[in-house]
**Q** 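Take this structure first; my questions come after.
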Number of protein chains: 2
Amino acid sequence: MVKIADVAKHAKVAPSTVSYVLSGKRPISPEVRRRVEESIRALGYQPHAGARALASRRTNIIALVIPLRTGVHVPVLMRFVTAVTARARQFDHDVLLLTQGEGERGLQRVQGSSLADAIIVMDDELNDERLPLLRDLETPAVLIGSPRDSTDLTCIDLDFHAAGAKCVAHLADLGHRHVALVGTTARVADGAHAAAATRGVEVATRMDDHVTGVIVQNVPALESWLHTLRPDVAVVAICPDEVAERLDLTAVALPAEDVGRRAVELAMAKLDGEPVDAETVLAPTLTIRASTAYSRSSQLAE
Amino acid sequence: MVKIADVAKHAKVAPSTVSYVLSGKRPISPEVRRRVEESIRALGYQPHAGARALASRRTNIIALVIPLRTGVHVPVLMRFVTAVTARARQFDHDVLLLTQGEGERGLQRVQGSSLADAIIVMDDELNDERLPLLRDLETPAVLIGSPRDSTDLTCIDLDFHAAGAKCVAHLADLGHRHVALVGTTARVADGAHAAAATRGVEVATRMDDHVTGVIVQNVPALESWLHTLRPDVAVVAICPDEVAERLDLTAVALPAEDVGRRAVELAMAKLDGEPVDAETVLAPTLTIRASTAYSRSSQLAE
DNA sequence: ATGAAAGCGCTAACAA
DNA sequence: TTGTTAGCGCTTTCAT
């Protein structure tokens with residue numbers, strides 16, 4: 001194994017100089033830098049992660065905790081994961097994968113044994129039992145999801161309130177005046193009601209004959225129900241992109257890549273001691289598909 | 001941070017004794033063991049991963065490289081991943097997730113910086129560019145998949161030869177005498193032909209009027225084709241469980257959990273210096289569903 | 001701008 | 001059965 005001392009000898013400098021060339025933590029003369037970099041290349045030197053972690057108290061590892069509950073949409077989960085690992089690499093970090101199965105103990109282990117510089121916890125389960133623990137963690141932590149109370153946390157998620165509003169706005173634009181909310185969470189409903197109030201749209205609590213448009217969440221579970229809808233009822237969904245695509249649904253997608261990236265950025269910011277918002281929220285994007293292809297007004301005109 | 005010296009002091013023993021209690025690498029008197037364990041609990045001691053890695057040259061981390069090509073069935077991939085992490089934990093190891101995007105460099109980095117004790121590479125791409133590198137790796141490596149040449153490797157996969165044979169046998173049992181192979185790999189085809197020879201079954205290279213049963217692989221791509229088949233043609237598939245379930249197909253499933261588990265076991269065995277086979281192959285299991293619900297003979301009898 | 005040297009927290013000889 | 005101690009390879013003061 002080639003170690004820093006070997007490089008130092010080869011470049012005729014002190015080991016610390018090699019270290020500083022690598023870390024950039026102090027000025028190095030061009031000549032020395034050149035020699036050191038040359039030696040590193042020549043010898044194929046790669047710093048020992050453990051030694052580095054021990055001396056610097058940085059592991060260059062991010063722990064990522066993923067949920068394995070039934071009900072999580074696996075392809076979306078996977079997109080989160082790959083987005084996180086890709087972004088982490090850009091910060092010269094690797095990703096340690098923990099599964100929910102380990103629960104709190106996983107977090108404690110990571111923290112206790114200094115396995116990671118930061119922890120990203122994915123979960124949309126609003127009242128997670130690990131939330132208190134997450135608040136007390138020394139290790140910088142970022143939560144992907146929207147807990148009821150984000151105090152002392154760093155959270156990132158889609159702006160579900162805005163998403164609800166956007167869905168209503170779209171239906172309103174098409175001329176719909178009576179819409180129903182199906183399977184929507186509180187935040188989406190709030191957003192929908194807020195938008196409805198300003199747009200003169202009535203929000204029904206359940207389907208009735210006046211309803212000409214519906215906003216649905218949790219589409220996978222409602223798929224068969226959707227098929228029972230009259231074809232002239234407009235549907236706007238809040239669901240994974242692929243599901244929306246498959247069913248040709250106008251929808252606000254969960255921006256998995258964005259969320260994953262931002263989660264890493266937040267984690268790194270915290271690690272650098274920068275202040276970050278407790279709640280980061282991503283603007284929704286609505287993609288129009290067949291389920292709202294025809295406007296209410298044109299239907300009326302027909 | 002509580003360190004081993006703190007525990008040692010608290011338990012009135014030497015640091016090394018604490019270390020040995022933890023590792024079990026030398027006999028400890030019951031009394032001392034009790035005291036040490038008590039102190040560990042009282043102080044909430046957790047060994048520093050980096051320090052441990054530096055001193056013992058073991059990281060207790062397994063690197064897992066997953067493919068992200070389009071075409072990989074994500075749910076199955078995820079089942080591999082969770083199976084690997086779960087089994088790894090039972091060996092007191094964590095999982096570092098690398099994505100294929102990094103290619104060879106990822107492997108070199110893991111090895112060069114001593115990030116992991118072992119590497120598991122998932123890939124069914126037969127002629128992977130990383131294969132030569134994998135052969136030369138110092139770090140114990142296990143390949144999930146079936147490369148053309150497994151010399152100097154440790155591979156684990158479903159026994160596709162046996163799977164092909166099993167499919168033919170099942171069709172033969174049902175009275176089929178003319179079967180076709182669709183989308184099958186060489187190994188499956190070999191197994192199918194071998195079984196066909198002993199069972200008096202004709203294997204057609206393409207669909208024709210004599211064919212009463214087909215063996216399909218790569219089902220997702222063939223889904224629409226399957227719908228064009230006459231309903232009395234029996235279908236046996238080699239595909240993920242969930243796909244088979246959704247389409248109600250008699251099938252040999254890819255045993256993701258088993259493969260993941262065994263991959264970890266192989267990696268740990270190699271790490272312990274135990275000799276392992278170059279190729280480990282898992283016996284196929286065939287689940288009977290609607291696509292072969294009626295035997296040929298009973299159809300003829302009708 | 002560079003070097004020397006003291007640890008980081010742990011494991012594993014080596015001693016007893 | 002237990003203790004003492006010399007590193008593991010790196011970072012980071014402290015000197016110069």
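Order of the sequence lines fixes the chain letters, A, B, ..., with proteins taken first and strands second; residue numbering starts at 1 for each chain. Because the structure is predicted, anything quoted here is derived from the model rather than measured.
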**Q** Please report, rounded to the nearest Å, how far the P atom of dG9(D) is from the CG atom of Asp6(A).
**A** 9 Å
**Q** Evaluate whether atom CZ of Arg105(A) has more than 12 neighbouring non-hydrogen atoms of other residues, nucleotides or ligands under 6.0 angstrom away.
**A** no
**Q** Taking OP1 and OP2 of dC10(D), is either one under 4.0 Å from a side-chain nitrogen or oxygen of Lys3(A)?
**A** no
**Q** Reckon Ser19(A) touches a base, only the sugar-phosphate, or nothing at all at heavy-atom distances under 4.0 Å?
**A** base
**Q** Nearest-Å distance, CZ (Arg33(B)) to P (dT2(D))?
**A** 9 Å
**Q** Between Arg57(B) and Ala14(B), which is nearer to the 5' end of DNA chain D once each is assigned its nearest nucleotide?
**A** Ala14(B)
**Q** Expressed in angstrom and rounded to an integer, what is the separation of Lys25(B) atom NZ from dC14(C) atom P?
**A** 16 Å
**Q** Strictly by modelled atom types, are Gln46(B) and Ser113(A) linked by a side-chain donor-acceptor pair under 3.5 Å?
**A** no
**Q** Choosing from dA12(C), dC8(D), dG3(C), which nucleotide comes nearest the side chain of Arg26(A)?
**A** dG3(C)
**Q** Is it true that Glu279(A) and Arg187(A) make a salt bridge, defined as a side-chain N closer than 4.0 Å to a carboxylate O?
**A** yes
**Q** Counting just side-chain N and O atoms, does Arg52(B) come under 4.0 Å of either OP1 or OP2 of dT11(C)?
**A** yes
**Q** Side-chain N or O of Thr17(B) less than 4.0 angstrom from OP1 or OP2 on dG3(D)?
**A** yes
**Q** Calculate the interatomic distance between Asp117(B) atom CG and dT11(C) atom C1'; express it in whole Å.
**A** 15 Å
**Q** From CG of Leu22(A) over to P of dG9(D), roughly how many Å is that when rounded to an integer?
**A** 16 Å
**Q** Which part of the nucleic acid does Ser16(B) contact within heavy-atom distance under 4.0 Å: base, sugar-phosphate only, or nothing?
**A** base
**Q** Measure from CG on Leu54(A) to C1' on dG9(D) and round the result to the nearest Å.
**A** 9 Å
**Q** Using atom OH of Tyr20(B) as one end and atom P of dT5(D) as the other, report the distance to the nearest whole Å.
**A** 15 Å
**Q** Checking Leu107(B) against Ile119(B) for the side-chain contact (heavy atoms from CB on, under 4.5 Å) test, could you report, in this order, the C-alpha distance in whole Å, the side-chain angles of both residues, the deciding distance, and whether it holds?
**A** CA-CA 8 Å; Leu107(B) 296 180; Ile119(B) 303 181; 3.7 Å; yes
**Q** Does atom CD of Glu31(B) have more than 12 heavy-atom neighbours, drawn from other residues, nucleotides or ligands, at distances under 6.0 Å?
**A** yes
**Q** How many Å lie between CE on Met1(A) and P on dC8(D), as a whole number?
**A** 11 Å
